[in-house]
Amino acid sequence: ALALVAPPDLAGRHVVVSAGGTREPVDPVRFLGNRSSGKQGVALARRAAARGARVTLVAAHLQVAPPTGVEVVPVGTAEELRAAVRSAAADADAVVMAAAVADFRPVAPAAAKIKKDPAATAAPVIPLEQTVDVLAELVTDPPRPGQRVVGFAAETGDERGSVLEHGRAKARRKGADLLVLNAVGAGVGFGTDDNAVTLLDRAGEVVGTAAGSKDAVADAVWDAVVPLLREGPA
Ligand code: CTP
Ligand code: CA
């Protein structure tokens, strides 16, 4: 494989990357999950380490091996991910939320397996509640003031707007320093080896684009983060 040139421009920095997809228990054998493989988050962790950072990877059900030389904190649910990210972020210069975090979880997971009633015609209804938005909370209540926060958004176009329109609205709503937008569907995004993204600032303005391997996209994200990092402790 082609070795990517790694400037040591993250030396002395601690960065936190969340990756993968959370799973919210329904009962002891079932969960609500998503299709995130964790590949892009793992690439972000790998490239940050190659560029000299100390890296904490908060890992939710990765389908790929984490890189060597990074600290891995395994998590299961959105709430576990929230606690691990906030704890690791207490001394971090940047936090990148590449994980697919559940938006909803069962209000009360069943203690025993939910059984079907062969005679019943109606299916059970499982009440859901919203999880805390970890990224939004990092912006409004940062564990370390002054640290940089990066979000991801996988969007599809629909009758209400294009991928870029949805992404720009989300960037403004979330208030992160950067939002990494990618179009999903048609073989790009989830589980694939390549990615194509648009980088948006907090105002929703396009500040860059990148396409290629997930490592190349990761380097483009760090290229955009490095100039935002402050000198010395925040
Ligand atoms: N995110 C988060 N906590 C959540 C949900 C999402 O931190 N409970 C983060 C993701 O890690 C990602 C960003 O928010 O960095 C955007 O996630 P996305 O699902 O695109 O946005 P939502 O605000 O959840 O909007 P929706 O799913 O309705 O499009
Ligand atoms: Ca969501």
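Quick note: numbers below take in every heavy atom, side chains included, and nothing from hydrogens, waters or symmetry partners. Just follow the structure's listing: the first ligand is 1, and inside any ligand the first atom is 1.
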Any donor-acceptor N or O pair under 3.5 Å, side chains Thr22, His61: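 Not at all, the side chains of Thr22 and His61 share no donor-acceptor pair under 3.5 Å.
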Sub-3.5 Å N/O-N/O distance, [X] and ligand 1:
X      : result
Lys170 : yes
Gly151 : no
Phe152 : yes
Glu155 : no

Under 4.0 Å between a side-chain nitrogen and a carboxylate oxygen: does that hold for [X] and [Y]?
X      : Y      : answer
Arg51  : Asp9   : yes
Glu79  : Arg82  : yes
Arg160 : Glu165 : no
Arg46  : Asp215 : yes

For ligand 1, the portion of Ala78 having any non-hydrogen atom under 4.0 Å away: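 For Ala78, no heavy atom sits under 4.0 Å from ligand 1.
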Contact partition for Thr131 relative to ligand 1, non-hydrogen atoms under 4.0 Å: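 It is the side chain that touches ligand 1; the backbone stays farther off.
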Heavy-atom closest contact (Leu62 atom, Gly38 atom, distance):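 Heavy atoms of Leu62 and Gly38 come nearest at CD2-CA, 4.0 Å.
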Verdict with reasoning, Phe152 to Met97, per side-chain contact (heavy atoms from CB on, under 4.5 Å): CA-CA 6 Å; Phe152 271 70; Met97 286 294 300; 6.0 Å; no
Passing option when His14 is tested against Arg144, Arg54, Glu71 for side-chain hydrogen bond (donor to acceptor under 3.5 Å, both in side chains):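 Result: among Arg144, Arg54, Glu71, Arg54 is the only option passing the side-chain hydrogen bond (donor to acceptor under 3.5 Å, both in side chains) with His14.
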Could you tell me whether ligand 1 has any atom less than 4.0 Å away from a heavy atom of [X]?
X      : result
Ala136 : no
Lys174 : yes
Ala99  : yes

The one among Asp103, Thr156, Val132 that brings a heavy atom closest to atom 8 (N) of ligand 1: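 The nearest heavy atom belongs to Val132.
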Shortest heavy-atom approach to atom 6 (C) of ligand 1 - which of Leu135, Leu179, Val134, Val101: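 Among Leu135, Leu179, Val134, Val101, the closest heavy atom to atom 6 (C) of ligand 1 belongs to Val101.
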Atom 15 (O) of ligand 1: the protein heavy-atom neighbour that sits closest, reported with distance to 0.1 Å: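 So the nearest neighbour among protein heavy atoms is Met97 O, 2.7 Å.
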Top protein contact for atom 1 (N) of ligand 1, by heavy-atom distance: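 Ranking protein heavy atoms by distance from atom 1 (N) of ligand 1, first comes Asp133 OD1, 3.9 Å.
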Under 3.5 Å: donor-acceptor pair, side chain of Asn195, backbone of Lys214: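 Answer holds: no.
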Distance filter under 4.0 Å to Ala102 heavy atoms, resulting ligand 1 atoms: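 Going through ligand 1 atom by atom, the ones under 4.0 Å from Ala102 are 8 (N).
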